[in-house]
Every structure is written in structure tokens, then in C-alpha cells.
Amino acid sequence: MSKSAKWSPKENESKRLPIYQHKSKLIQAVKDSSFLVVTGETGSGKTTQLPQYLREAGFCKDGKIGITQPRRVAAITVAQRVAQEMQCTLGKEVGYQVRFDDCTSQDTVVKYMTDGCLLREVLADPALSQYSVIILDEVHERSLNTDILLGLIKKVFTNPAKATKGRSFPLKVVVMSATLEADKLSAFLSNCPVFAIPGRTFPVTCTFGSAVGPKDLESTGYVKEVVKVALDIHTSEMAGDILVFLTGQSEIEHACDMLFEKAECIDYRYDVTDQSVDGLLILPLYGSMPTDQQRQIFQPPPPGIRKCVVATNIAATSLTIDGIKYIVDSGFVKQLNHNSRVGMDILEVVPISKSEAQQRAGRAGRTSAGKCFRIYTKEFWETCMPEYTIPEIQRTSLTAVILTLKCLGIHDVIRFPYLDCPEERFILEALKQLYQFDAIDRRGNVTKLGELMVEFPLHPGLTRALLKAASLGCQDLLLPVAAMLSVENIFIRPGHPDKQKEADKKHRALAAKTGSMNDFATLLNVFQSCKSSDRPSAWCKENWIHWRALKSAFSVETQLRDILHRLQQKKDFPVETFDGNKSELFRRCLCTGYFTNVARRSIGKVFCTMDGHGSMVHIHPSSSLFDQEAELNWVIFHDVLATSRVYIRTVCPIRYEWVKDLLPKLHEVDAYELSSVAREEVTAEEMTKWESREAAKRQSEVSNEDAMKKLEKRNNETTVSDARARYLQRKQQRQQSKAL
DNA sequence: AGAAAAGCC
């Protein structure tokens, strides 16, 4: 057939995918129902093929097909592949949109995008009127944005009265997920049908170990054990590469060092050119690693050499390495959890879930049968590992998300249809913060300021400070700072002690140049100095600054500037004036967004937070204020880190007068009030109760002095977090094992 | 006296 000669290899390949034989049934299933759950493991072809099938079947007549992904790279690479398969130019019929990169046009009918992008679109067009089909992909990963989109879709489109509002034709929704969550998702979306596509993976045999049991929850013995197991594999198993899962950068470097000492190896750090050694090629892999080093991971090892990649969870979903046949699973992961008891985010090492362990094991079966060596016992699996990973929505700060919902007109944020409901106190905490930032009023309604704030892709506190600066005409001070604080850490601190000293020295010099001992000012200085440099990347290298991170800060700043510029065109954008010097102006703006993060010197180097929790904190060693003895009594800070101590990081000295009038706001309102009046059905009784409490409150305004006394009292009682205790214990064990 | 996971608008 002459037609077949035209087929590209890709096209042939797509017909061999497991999904192909279900094509007509799948199209019919989408036609038959407004909601559909499609399950299929990685490799089934659902992400690339389903949108093409639906386009062929005429679903693009009235609108676009939108497919969401939790990650940027996935959205881009999948769009590239589909454009190739459809033999069209990327950005024409097939396109993608991620932050900073919109590759779509008028012609685009198949649009891949990140879930965050679609959420932004919903804010502008809640009816999603441009789309005929929305496909949510990788729903089992339960990213915060995907979860919110799911809830919004349920709320709007399962209600026939609301579903047609703002639309001229009905919307089709397809939710794609790994097999495990299928029934739950179907139940959530009005018991919609489930379509299962078989996967194409190879069997992976899993074995349990004996090294880590339920009693070893707080120990770091797993680092030693994974090294031992990896060496065992190297000496006794058939050819095939190894992937080791650990939790963080320093741990990975340590494990690589141990492997290098114990095996006949090539370590890329010392010797990549000598390919004559028969042995192990050891490659660390974590997110903040330079990209050219990351690229080495994907190259096949030299002949006769086995590759051993030691990675963080980045290798579980974000990156796929070919040729992996053996997995060594430590059973742990580092996770950022919001702790509402102490009111902060804590980065901690926790056991992975059973489903995550299966995901890790699956990485060995991509190209052939594989083996997974779990270093923990069966008992550990049964008693310490939860069935599923707790979804992000249940363990992060919800302030920004709640503001988004409020701006979408969803007042009852407690009874929003969450697939998994966050704890009520998390929601209340978010409401309280929004109230403190003047984003919502006492009745839980979004204020004018709140409507401005939701436009910015930033934490609300940072946005609040930025808007204050804008109203005072000094946005140029705050825009770079906001950008710098919303990208990954820009200061490089190498593992080698000598280089560490060198880096620290450079960083201190950057701080000193501002002449003000204010970490926010240092960020501004780094931003401006690099930007005005002739050779910015060389400047970064010289000063131990992450060029990649700083580059993204440059783009973020431009984006924030554009958003701000657009909002300032509005006629009711607030305008204020201020008399005083620049440094005070800068710091006063910061106070507007950071008065929830105020600390006061207590005794010596110990500070005490003024947020109502009264935690004892120290200034982080990376801060320019770390060794300042000066009369430094009041500070604001950007974030908290719980390691050997509870540290505040990115710190700025302030005067008490600047926050005096703001601090009472931290105590004046009970979060329950914000939520109960926000609920759609408020009983008359509830209303009177609330009114009378309001009246009582007005009569007895809590004075600052009273609030301070209360905090002082709490200081003596509390409150170093559990995370710190665990850290100390681990450190001790580490030292003991070192001594042996 | 001492330190950072992944991802997204």
C-alpha cells in the first residue's frame, strides 16, 4: 500500500501501544458520559494517544482539548512528541503552555499545560468556555493544583444547573490515574464509568531486608545499608544498572563517598575519562545539581561498567533513566509538612507509603524484568508505612489556595468538595492569615486588596508587602526580593570544607556591601549586582551563586512587574506617601507582609516569635545577623527551618513601632468567626452569637502589653518542635556510627 | 556556632 509508505516510524509505533486496540471503545466511552476515569500504568500511551483519538473523533469542533500535567517538563515533552506524531509544527494544532513559556496559537486545539496554568485560566473563565474536553492527567500524584481543579470540576460540572452556565455546549471531563485510585475517583465524580487500559511493564520481584525495622524510624542507619546492598548487587547480580533511593543531597554525597571507597569504581567526580577500570560508575542525582552533571545520568555507562545512580525522589516521577534493572529502596523520603501546632512548615524525613514503594520498584521494570531490594523488614512495611502518601492538600499551608477559592466565589471553603478533606484547623489557619493580610474581611469576604493579591503567583504575605511598596511607589525594591524568595535557594554551599569557607566569605561580602545587615537587602543586592554585571554567569560563579536559580528569579521579577503594571492601570489602585529614608521605607514595606513573622530578643541569642505560639528560635548561621551582638531586639523573618535548632532564615531588623499597630491583629480574631460567617447557611442563632461576641470584643480591646505578657508566659512552657528532637537523636546516632 | 525535596502559577 502506498499509504503505508508514508507512515513515520512513530506512527507505526503508536499503533503498537496497548491503548490502540481500545481506541473505538474509548472514544465511545467519552461520548457516552460527561465524566470518565481512565486508568493505565505508565507506558500504556494514554497521555499521548487519547487527545489524538478525541481530535479525530471530532471533539475539537466546538473547543479545545486541554490536558494537564503536574510538571512543566512533562507538559513540554509530551506536546513535542504528539506534534511529531501528528506531523504538525509545535504551537500550531498541538501546543503547550507552562509558566514563562506559552507555545500555543489560534490554531491550537490540543493543549498540554501544567495544572497550575489551568487553575489560573479558571480564575479568568470559570466556565472553561474555550474547552470541549478537559483531561486531568497523573491525578494519582495528588498535586495541590490537580486536587483543587478536581474539586472545582465536581462543584461546577456535576450540577446540571451550573454546568451549562457560561457555556454553549457541555464539557467532557476525563480523569486519568494509576489503577489504585480509580474507584475513589469514580465515586467522587458521580459514580462515573471507569475505563481500564492494561499497562506494558515487566515484572519486578521485591525482597525485604533485615536492617531497618519499626524501631529504626529515627535512625540514619539506612545510608550504610543501601551502600552495602548496592555493593552486594554489584558483585553478585547479572548485568544491569542500579538505582538507589535516598532522601537528600548530603546523604547522597555521603553514600557516594562510601561506595567509592569500598568498590572498584569510577567516580565521575574524580575520574570520568579513564574507562579502563572494570567496575561501578557512581552518579549522584538531586534537583539542585548543575544540569550538565544531571545530563551524565542518562548516558549509557562505558562497556563492562555498571552504572549506579544514587538519587532523591526526583527519580521516582520526574526523571526516567533507561537501563535500570535493580532498585535499592531506603524506605524514606524528605517531605515538607505543615505543622499547625507550631504554625510553621517543617522539612523532615519520614517513611514512604506502600504505594510510593511500589512506584519506586516499578522503575526497575521499564525495559525488562527487574529486582527491587527493600532494606526494611516486612514488619516495617506493615506497621510503619501508610497505604498511600498523604496528599499535598492535607499537609501544606493553604493560605494561597483558600484565597483562590474565595476569589472564585466559593465562600464555604470548609465544605468545598475536596477529594480528601484537609483538617479543619488548616483551613481556619489559612482564613486567619488572609484576614491578617486584609485579603478577606471579618465576614470572610474577599476585599479589594484580596482581589489584587490573587493575581500574583506568590505567597500572600510577600504579595502584601509588594502591594504596599507599589502603593508607596517603591516597587523596585520589593519586586526583586519577591522574585528571589520564590525561587530555590540561590546561595551555593559546597560539601568541601575549604570551599565552604570560601563560599561563606563571598556571601558575607555580598551582605556587607549593602551596609545594612538585612538579608532581604542582600537579596536585592545580589539581584541588582548580577543583573548589571557584564558577564552574569561568571559573576555568579565567582560569588558562589546559583546562576540557574538567579536566572529564574530574573524571569519571575519580569512577570511580577508585568502583573503589577497591569493592576496599577486600574483606577482604584491604592496610593500612599511616606516621609523617611529608603532603608526604613524598605523595611516598613516588608513589615506589612511579615508582621506574622516577628520575633523579639528574649535572652542572649534566643528570640521568641510573636505569632501567638511563642516559639524559641535562633538566627540561622547563613544570616548576616547571625553574629551581630548589636542592639537587635526586633526582627522579621521569611522562613523557619527545624534542624539542630529552630532557625529563622532571611532576617531583617525592625523597630517595634513599625509593627506595634499590626501585632494586635494576630490575636484579635478567632478563626472560627471567619469561617462560620462564611458558610452559606448561617443560622440566626449563630449570627446573634457572633454579633454579641463582636460587641464584647470592641469593649475590651486587648492591649499590646497584655498580649506580650501572655507570650512571655508561654515561652517558659514550650515549644521546641518534635522535628528538632528527632534531628538531635539522629545526629547522635550518626556520630556513634562514625566513631565505630 | 553551623545548613537546604520535589514541583507549580
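Just so you know, these numbers use all the heavy atoms, side chains as well, and skip hydrogens, waters and symmetry mates. Each chain gets a letter, A, B and so on, in the order its sequence line appears, and its residues count up from 1.
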Q: Would you mind reading off the distance between A/I619 atom CD1 and B/dG2 atom P, rounded to a whole angstrom?
A: 14 Å

Q | Nucleotide B/dC9, atom P - distance to CD of A/E455 in whole Å | A | 16 Å

Q. So which of A/V244, A/V310, A/L319, A/T312 actually passes side chain to side chain contact (heavy atoms under 4.5 Å, CB included) with A/L285?
A. A/L319

Q. Within the structure shown, what part of the strands sits under 4.0 Å from A/I314 by heavy-atom distance: base, sugar-phosphate, or nothing?
A. sugar-phosphate

Q. How would you label the contact of A/F456 with the nucleic acid (heavy atoms, under 4.0 Å): base, sugar-phosphate, or nothing?
A. nothing

(Q) Does B/dC8 have its OP1 or OP2 closer than 4.0 Å to a side-chain nitrogen or oxygen of A/R120? (A) no

Q | Integer-rounded Å distance: B/dG7 C1' and A/I148 CD1 | A | 16 Å

Q: Remember a base hit wins even if backbone is also touched, and classify A/T247 as base, sugar-phosphate or nothing at under 4.0 Å, heavy atoms.
A: sugar-phosphate

Q) NA contact type, A/D504, heavy-atom cut-off 4.0 Å: base, sugar-phosphate, or nothing? A) base

Q) How is A/V98 classified with respect to the nucleic acid when contacts are heavy atoms under 4.0 Å: base, sugar-phosphate, or nothing? A) sugar-phosphate

(Q) In whole Å, I'd like the distance from the CD atom of A/E488 to the C1' atom of B/dA5. (A) 11 Å

Q: Using only heavy-atom distances, decide whether a donor-acceptor pair under 3.5 angstrom links the side-chain of A/N313 to the base of B/dA6.
A: no

**Q.** Minimum-distance nucleotide to A/R71 side chain [options: B/dC9, B/dA5, B/dG7]
**A.** B/dG7

Q) Within the structure shown, what part of the strands sits under 4.0 Å from A/T312 by heavy-atom distance: base, sugar-phosphate, or nothing? A) sugar-phosphate

Q: Using a 4.0 Å heavy-atom cut-off across all strands, classify A/E392 as base, sugar-phosphate, or nothing.
A: base

**Q.** Euclidean distance, A/D329 CG relative to A/R363 CZ, rounded to 0.5 Å
**A.** 13.0 Å

Q. What nucleic acid atoms does A/R508 come within less than 4.0 Å of, heavy atoms only: base, sugar-phosphate, or nothing?
A. base

Q) Is the charged tip of A/R360 near the ring of A/F245: under 6.0 Å from the six-membered ring centre and within 45° of its axis? A) yes

Q) Separation of A/H459 atom NE2 from B/dC9 atom P, in whole Å? A) 18 Å

Q: Give one of base, sugar-phosphate or nothing for A/R99, where a contact means two heavy atoms less than 4.0 Å apart.
A: base

Q: Would you please classify the geometry between the A/F554 ring and the A/F527 ring as parallel, tilted or perpendicular, with 30° and 60° separating the classes?
A: perpendicular

Q.
Looking at A/R72 and A/R99, would you say the former's side chain and the latter's main chain have a donor-acceptor pair under 3.5 Å?
A. yes

Q) Taking atom P of B/dA4 as reference, at what distance in whole Å does atom CD of A/Q335 sit? A) 16 Å

